[in-house]
Amino acid sequence: MKKSGKYNRILVTAALPYTNGYTHIGHVAGSFLPADMYARYSRLAGYDIIFICGSDEYGTAIALAAIKEGLSTQEIIDKYHFANKKAYEELGLSFDIYSRTSNPTHAKTAQDFFLNLYNKKLLYKKTEKQLYSEKEKRFLADRFVVGTCPICGFEEATGDECENCGSALSPLQLIDPKSKLTGDTPVIKETVSYYFPLKDYQAKLEKWLDSKTDWKPNVINYCKGWFKTGLQDRSITRELEWGVPVPIEGEEGKVIYIWFEAPIGYISMTKELFAQKGEPEKWKEYWQSDDTKLVNFLGKDNIIFHAIFFPAMLMAHSDFVLADNVPANEFMNLEGSKQSKSKGHAILLKDAVEKFNPDSIRYAIASNMPENKDTDFYWVDLQAKNNNELGAILGNFVNRAFVFNEKYFGGKVPVLGSLEEIDKNIINSLKSYVERIASYYENYKFKDAVSETMNLVRDANKYFNDTEPWKVVKEDEARCGTILNICLQLCNTFAILFDPVLPFTSAKILNMLNVSTENLKWDKAYELTLPGGHKLNAPEILFKKIEDHEIEK
RNA sequence: GCCGGAGUAGCUCAGGUGGUUAGAGCGUCGGAAUCAUAAUCCGCAGGUCGGGGGUUCAAGUCCCUCCUCCGGUACCA
């Protein structure tokens with residue numbers, strides 16, 4: 001297997017989607033698509049790589065979603081888990097496993113992790129006063145308490161902050177507190193929590209992050225902000241029914257805090273993956289050797305958990321690898337404003353894949369990925385990218401080459417004759433394209449990778465125009481054959497280079513070329529692998545035009 | 001409020017450590033071509049880089065200030 005720097009294998013994760021609703025394309029832009037493109041590229045490049053993801057299914061918000069929808073928590077997570085999983089498949093996300101945190105393996109793994117820290121006496125107990133709703137029979141999370149702000153008198157302050165005066169509040173400070181959900185007046189009740197001593201890990205975390213010179217500045221800056229304020233210890237248990245039970249006698253009724261438990265899902269799902277493969281010990285290779293490159297893809301809302309909290313947990317446990325990188329994206333907004341599930345202003349992935357070519361969706365998102373700042377998704381952009389780029393540039397090149405070849409060379413690859421300057425130029429440019437695009441993927445620059453790949457297709461169209469095979473065929477058939485040979489070889493190159501972003505199209509091109517997926521190797525992308533006389537399959541249209549009425553809702 | 005990010009061509013976006021006439025794609029307009037899903041190729045035009053002030057020989061880039069938008073602010077995830 002190929003090495004990636006000092007590493008012998010790569011472990012890619014995409015942030016576990018929370019199962020209280022349908023995934024929208026903002027989630028795709030934030031973590032799923034970059035993770036998938038990276039995973040696909042890494043496979044082509046020949047690395048030993050696994051790609052892990054699954055549904056995050058516990059916690060307060062699931063319990064609330066259940067109340068709102070009038071379903072049980074199990075029904076809620078089943079509803080969204082299976083719907084989302086299906087949509088991911090239709091989008092071509094190539095997870096090696098897509099599991100869920102409600103699986104028993106996960107509970108066991110999370111409990112073992114908790115006990116490991118507990119037995120090392122790293123955790124401590126603290127008694128606190130919290131608001132408890134008798135009617136709802138549960139403690140209320142800070143932001144699910146509303147009341148009057150003690151500072152400015154604003155009547156709709158929540159238990160975490162007052163959005164009128166901006167003060168940070170605690171629920172106990174609120175005057176006349178009520179449950180946001182039911183309007184019930186809560187009572188003050190004592191509860192015991194287990195705390196993780198995050199404060200003790202600040203110095204180690206700072207040192208660790210200082211060594212990460214190749215991380216995105218947005219991630220580093222975000223962490224520095226937290227260090228400046230000073231990290232505080234965090235409660236890692238909740239008085240809640242819906243979660244992984246705290247594995248200590250006498251603590252019935254407590255569950256492990258979701259943000260302690262969920263990232264452990266990456267580990268438990270890796271265990272499941274190898275258990276399914278009949279190699280139950282092999283997950284250790286990925287999590288317990290220093291030569292594993294762990295890369296966590298996520299949106300900016302998750303930075304705190306993946307760059308500070310989870311690494312601190314891993315440091316405390318000490319048996320597992322820490323992330324090599326945490327390439328966080330910003331957000332993809334919709335037509336100028338933030339996507340929100342609750343406000344109905346969002347493009348749900350399940351709806352999008354039903355209506356449009358998944359590769360068109362992938363391309364539209366990838367070419368406008370929020371790598372450095374929030375970006376906007378517009379339906380007219382999807383249409384324009386599909387019609388003017390995918391169809392007109394890529395689809396058209398493949399089509400004109402195949403149709404021409406069918407007409408004049410009977411659908412067989414013509415023999416490559418002697419090369420002229422113009423042929424050598426484009427052939428010789430391939431290797432640098434392949435290397436440049438690889439380097440973009442290696443450095444998490446997905447937008448650059450995609451646009452540079454399309455640039456090669458532009459060069460190909462120019463080559464076709466400049467060599468004018470429709471004229472040459474009338475005077476010099478052998479020369480024309482050489483030109484078409486090169487054009488068809490280029491189609492093979494596109495199939496490889498576009499696989500990370502357009503996997504379905506890539507498979508179609510390979511099928512048209514009548515070559516096996518064995519050819520999907522990054523280093524084959526600059527080689528002329530099609531032998532003269534090779535029989536091709538009939539061409540098909542790669543991208544249908546999207547008409548105006550199709551993007552009007 | 002505090003911390004962090006963003007504001008660059010009609011549109012969507014690039015522009016480490018300040019350095020020649022500020023870039024790309026798409027769109028517009030003009031031309032070439034007719035193999036191809038009227039799809040391609042070439043060329044032109046288009047920007048006082050959010051406002052104002054400052055440092056510097058030199059500022060999209062550094063400093064100050066103001067405006068707008070976004071994220072976080074530790075029990076939503």
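Naming convention: chains lettered A, B, ... in sequence-line order (proteins, then strands); numbering from 1 in each chain.
Taking the side chain of Leu231(A) as heavy atoms from C-beta on, and the options U12(B), A77(B), A74(B), the nearest nucleotide is A74(B). Between U40(B), G72(B), C13(B), one nucleotide has an atom nearer to the side chain of Ile393(A) than all others, and that is U40(B). Nearest to the side chain of Ile258(A), among A77(B), U40(B), C26(B), sits A77(B). Distance from the side chain of Asn368(A) is smallest to C13(B) among U73(B), A33(B), C13(B). Side-chain proximity of Lys545(A) to the nucleotides G71(B), A39(B), A33(B) is greatest for A39(B). Nearest to the side-chain atoms of Lys373(A) among the listed nucleotides C75(B), U8(B), G72(B) stands U8(B).
Taking the ring axis of Tyr222(A) as reference, the NZ or CZ atom of Lys300(A) does not stay both within 45° of it and closer than 6.0 Å to the ring centre.
Straight-line distance between the C1' atoms of A74(B) and U65(B): roughly 31 Å, to the nearest whole Å. Spacing of P atoms, G18(B) relative to A59(B), comes out at 13 Å, to the nearest Å. Using C1' as the reference atom, A38(B) and G47(B) are 32 Å apart when rounded to the nearest Å.
Using a 4.0 Å heavy-atom criterion, one finds that Asp376(A) contacts the sugar-phosphate atoms exclusively. Backbone-only contact: Lys471(A) has heavy atoms under 4.0 Å from sugar-phosphate atoms and none from a base. In this structure, Gln130(A) reaches the bases: a heavy-atom distance under 4.0 Å links it to at least one base atom across the strands shown.
Figure legend. C69(B) is base-paired to G5(B); pairs are counted as Watson-Crick or G-U wobble with both atom distances under 3.5 Å.
Atom pair Glu389(A):CD and G27(B):C1' shows a separation of 11 Å (rounding to whole Å applied).
In this structure, Phe404(A) does not pack face-to-face on the six-membered ring of C35(B), missing the 5.5 Å centre cutoff or the 30° plane limit.
A salt bridge does not link Glu371(A) with Lys445(A): none of the charged nitrogens is closer than 4.0 Å to a carboxylate oxygen. Look at Arg138(A) and Glu241(A) and you find no salt bridge, because none of the NZ, NE, NH1 or NH2 atoms lies under 4.0 Å from a carboxylate O.
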